[in-house]
Structure formats: structure tokens, C-alpha cells
Amino acid sequence: MKNRKLALAGLLGAGLLVAACGTSGSSSTAAAPGGQGFTPPKLDALAQLGQPEGQVNVLAWPGYAENGSNDPAVDWVTGFEKETGCKVNVKAFGTSDEAVSLMKTGQYDVISASGDASLRLIASGDVEPVNTALVPNYADVFDFLKNRPWNSVNNVSYGVPHGWGANLLTWRTDKVTPAPTSWSVMFDANSPYKGKITAYDSPIYIADAALYLQTHKPELGIKNPYALDDKQFQAAVDLLKQQRPMVAEYWSDYLKESQALKSGDAVVGTAWQVTVNLTKSEGAPVESVLPSEGATGWSDTWMVGAKSPHKTCSYKWLNHIVSPKANAQVAEYFGESPSNPKACAETKNKAHCETFHAGDAAYASKIQYWTTPITQCLDGRTDVKCKDYGEWTRAWTEIKG
């Protein structure tokens, strides 16, 4: 889990090439249902399964396709190989940029894509629609994870939801009183915790500022924190510049954030649930909440490569990885909410699903999942252009100084 989380910390650390998601010269820039704002290449989903091809090349975040080589007790690959005859060849990647580049080689059959990568893969034609009827376990996946802007276009599914989580507000209960319910403890210029704030170190953190402004400055008209026009974007950047001297440390390694909370160098900040759990287990008095404004977060999707020569094995893998037992193993090892409700009966820690809010659609609806910002506004607007991730990256460098 440590390696996967360290990899996730670098998920959006580098500048992203977003041109694949559409350009100003595109022949179709009208917003598609769901708000993606682009029309993907015409590709067909697999019509029916054939004979297993004998192997499947899996491109995955570390921790998503464990075969027991790292820990004999952590293995949900060997059983799949024996059952299907599909040998699993796993290539782990460290960032979404790396994953997108690797998929372009055509060497990989399936990929576990996070929201910032999935739209690029769809738009570039590197992944194809998925025939969910050929994935029996898809029927059990929580409905609120299906047909989302990062895993579907025009109501066409491009993958199978895997797991998700929120970027929470955490605090030291002995230092921060009363218990906060709003991000204002991090963004208000008069916050009493100046110099003791920790924040996520990535351009995507601009979305957290936009989410805050969505509630506290409704006149800006922000509908989607990843769809920001010039005025909205500048307001978010200005808020982060105001916050900058209040921040003790920006974190990209959750272990370092945990250490800062334990030492008291930071008393309030944005965090993953796994950070909170770890810090509490090591004796620090911390709690967390999904604030009143909502939160940003992440949701991963298993997708099929358009050039895959092993489609039947690929579909068998998609069905396996969201089966109750495998989905439970991954979610628990990784530290996330499973996508299959039946997984909750399979976790070793029977409180896992409660801790990670599995099945809580109301909780999940408060999360704005990481999505690649593109010039075609993701909120459906066509009368303005939005700032793409290249602009976000340049602004983040300026914010941090």
C-alpha cells in the first residue's frame, strides 16, 4: 500500500499534455452530455467473448495487481490465472503521464486509469468502449460510480469503476477547536492556524480553491472546479496566493504529512483517509471530515486498450478485479472504498467499508473527482474557453514561488 500511495502522490505532479482531449481546431467542440466537451474517435466495443488468448498485459498502479511476489499473503492474480488460463503480465507505473505514454505503445491490454488520465486515453483513441454486458460483476457495481464524466462519454461506458476516495480535511483535536466543518480554517485569511497548515503539492490543488469559492463566492458562477474560465481561474489562483504564507508545508508524500501532524508542525490540512488512519494508529489525536463545501477526490477505472490482441482475457480480468473477493483485497490493501458492495463482506477488517464510506452515495456526491482540465469547459459551457492543465501547472509554479 505504501508504494501505491507514494505513486498516487505523484499522480498529478508533472505538467500534463492535454491536447489529446481536444483543440480549438477540432471539428466538434460542442459539449457532450456529461460535460466532457469533446467527441472521441469512433470505436466499437467487443461484441462477444471468444477463446482466452493465454495472457493479458496489465498496466496498473502499484498494488492493484498483486501476485504474491511482494507479499505471499497478498495475491489475487494467481487464482485468476488458474481459473482462466490467462497469464497476467503486470507493468506498474508511477504517474498518469507515464501510463498514458505506455498505453500509446499498444503493448498493454488493460489499464487502471485515474480521472486525470482516462479522458486523454478516450480522446486519443487509446482505449475503447467497454461492453459491460460481458462483465457480469459490473451489474453489482454501485450505480453512483457508473456513467461518470471520467469513465463514459455520451452515455457510452469506457470502463469498469474500481475504487474511490476523498481528499479530506484533517486536524489535531488537541490544537484545533472547535472541530472544523469548513475549509475556511485553511483558506480564510484570518485563520488562527496560520503557519500550521499543510496542503497538497500539485497543480490539481487549484481545484480545491475553486471548490471553496464555489460556495463562498457564488457570484463567480463556478459549477465545476475543473472547468474554470479566466475570471474563475484567477480567483482560485489569487486565493492560493493568499494562502501561501499560511502554509507550513506542501505535501506529496502522505507519510511526510503524517509525520508533520504527529510532530505538531502542522495542525490542520487536506489528507487522504489512509493518512488519517495511519496517524491515529501511531498515537496522534487527529480526526477528519468531509467539509460542508464538499471535497475533491479520485476514482479509478479499468479500461481496455483499443489495440489489445487479448480482448477475451482482458474482459475476464475486468470481471475478476471487481468480483467481491478481489475487489475487497485490492481496496483493503490499497486503502480505498471498493466499487462492488459485495466486497464489504469479504474484507478482513469488517469496519473497512464503513471507514471508507462504501455505498454512501450522499457522501460520494459531495466529492468532485480529479479530472483533467481542458479548454472545452467540462461544465458544458461553449461560449467561453477554460484553462487547460498546462495553464494550471504554470500557475502552480507561480503560486509556490
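This structure is a prediction, so every number in the text was calculated from the model and none was measured.
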Check: K316 side chain, E83 main-chain N or O, donor-acceptor pair, under 3.5 Å: no

Here the disulfide bond (SG atoms under 2.5 Å apart) pairs for residues 82-147, sequence neighbours left out, are C86-C313

Taking side chain as C-beta onward, heavy atoms only, is N151 less than 4.5 Å from P161? yes

Charged N to carboxylate O below 4.0 Å: is that the case for K385 and E391? no

Report the distance from atom CD1 of I222 to atom CG of L213, rounding to the nearest 0.5 Å. 5.0 Å

Name the orientation class of the two ring planes belonging to Y254 and W272 (parallel below 30°, tilted from 30 to 60°, perpendicular beyond 60°). tilted

Donor-acceptor side-chain pairing of Q243 and Y205 below 3.5 angstrom: yes

Can you list every pair that meets disulfide bond (SG atoms under 2.5 Å apart) and has a residue in residues 169-199, with sequence neighbours left out? none

Suppose we call two aromatic rings close when their centres sit under 6.0 Å apart. Are W298 and F334 close by that rule? yes

E398 and K241: salt bridge (charged side-chain N to carboxylate O under 4.0 Å, His left out), yes or no, with the steps? CA-CA 9 Å; E398 182 182 339; K241 287 181 177 179; 2.4 Å; yes

Stepwise side chain to side chain donor-acceptor pair (under 3.5 Å) check, D208 with T296: CA-CA 6 Å; D208 291 62; T296 59; 3.3 Å; yes

Side-chain donor-acceptor pair under 3.5 Å between T275 and W251, yes or no? no

Residues at least two apart in sequence or cross-chain that pass salt bridge (charged side-chain N to carboxylate O under 4.0 Å, His left out) with K196, listed by chain then number, are none

